[in-house]
Amino acid sequence: MIKNQSRQTSSVLEQKVLLDITEKGWIGIPTPPETSYDIIVDMGVVDGKREFVTIQVKDELRTSSRPSPEKENESVSVGGKNRNSYWYYDEDVTYLASLNKNAEVEYIHKEDYKYKLPKQLKSAGRTKFPTNEKMIKYRTPEIVNDKFEPLKEHYA
């Protein structure tokens, strides 16, 4: 049972982003709640190294872990310690993801969101999340001259 409506909202939104990533041919891995990003995506091997990107999923777009990181000394309780807050750009979060007015997942790359305030994010550039062009049909092809080719034995 989900007791908190905001948990339900964030869970549903995260599942929509995971579905979008899967439809584009990638593996999205949800992360534990206290990490600085919600999803890590395995983008495969690029230039001989495995590449991952991170995504922070937001219902209401913002570039920080708290609604107002520019407010200093916001305490967790009266006389309590200062609330932890950080910028996603500083945590190297690759993309912010949210739903647009048509309920489609949209992404903003870190170079487009940086330290913008929520009002500024409305006009920030959106990025098309890449599609895995190396996806193949059912059978694994042979690699000939750095290009994928179907196994000849299946087409003889």
Any idea how Phe129 and Tyr107 line up, ring-wise: parallel (<30°), tilted (30 to 60°), or perpendicular (>60°)?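 Plane angle between 30° and 60°, so tilted.
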Distance, nearest 0.5 Å, that separates [atom1] of [X] from [atom2] of [Y]:
X     : Y     : atom1 : atom2 : result
Leu61 : Leu99 : CG    : CG    : 9.5 Å
Asn4  : Ser10 : CG    : OG    : 8.0 Å
Ser65 : Trp87 : OG    : CH2   : 9.5 Å

Looking only at side chains, do Lys114 and Tyr88 share a donor and an acceptor under 3.5 Å apart? no
Non-hydrogen atoms of [X] and [Y] that approach each other most closely:
X     : Y      : answer
Leu96 : Leu121 : CD1-CD1, 4.4 Å
Ala97 : Val17  : CB-CG2, 4.0 Å
Val46 : Met43  : CG2-O, 4.4 Å
Asp42 : Arg50  : OD1-NH1, 2.9 Å
Tyr37 : Ile55  : CB-O, 3.6 Å
Trp26 : Pro130 : NE1-O, 2.7 Å

Does [atom1] belonging to [X] count more than 12 external heavy atoms closer than 6.0 Å?
X      : atom1 : result
Asp47  : CG    : no
Arg126 : CZ    : yes
Glu60  : CD    : no

For the side chain of [X] and the backbone of [Y], is there at least one donor-acceptor N/O pair under 3.5 Å apart?
X     : Y     : value
Gln56 : Ser36 : yes
Thr9  : Gln5  : yes
Thr94 : Thr54 : yes
Ser98 : Lys58 : yes

Report yes or no: do [X] and [Y] belong to one cluster of Ile/Leu/Val/Met/Phe/Trp/Tyr joined by side chain heavy-atom distances under 4.5 Å?
X      : Y     : value
Val41  : Leu18 : yes
Val12  : Val57 : no
Leu13  : Tyr95 : yes
Tyr113 : Tyr86 : yes

Per side chain to side chain contact (heavy atoms under 4.5 Å, CB included), Ile21 is matched among Ile39, Ile27, Asn132 by Ile39
Run the salt-bridge test on Lys24 and Asp20 with the 4.0 Å N-O cut-off and return the result as yes or no.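 Asp20 and Lys24: salt-bridged.
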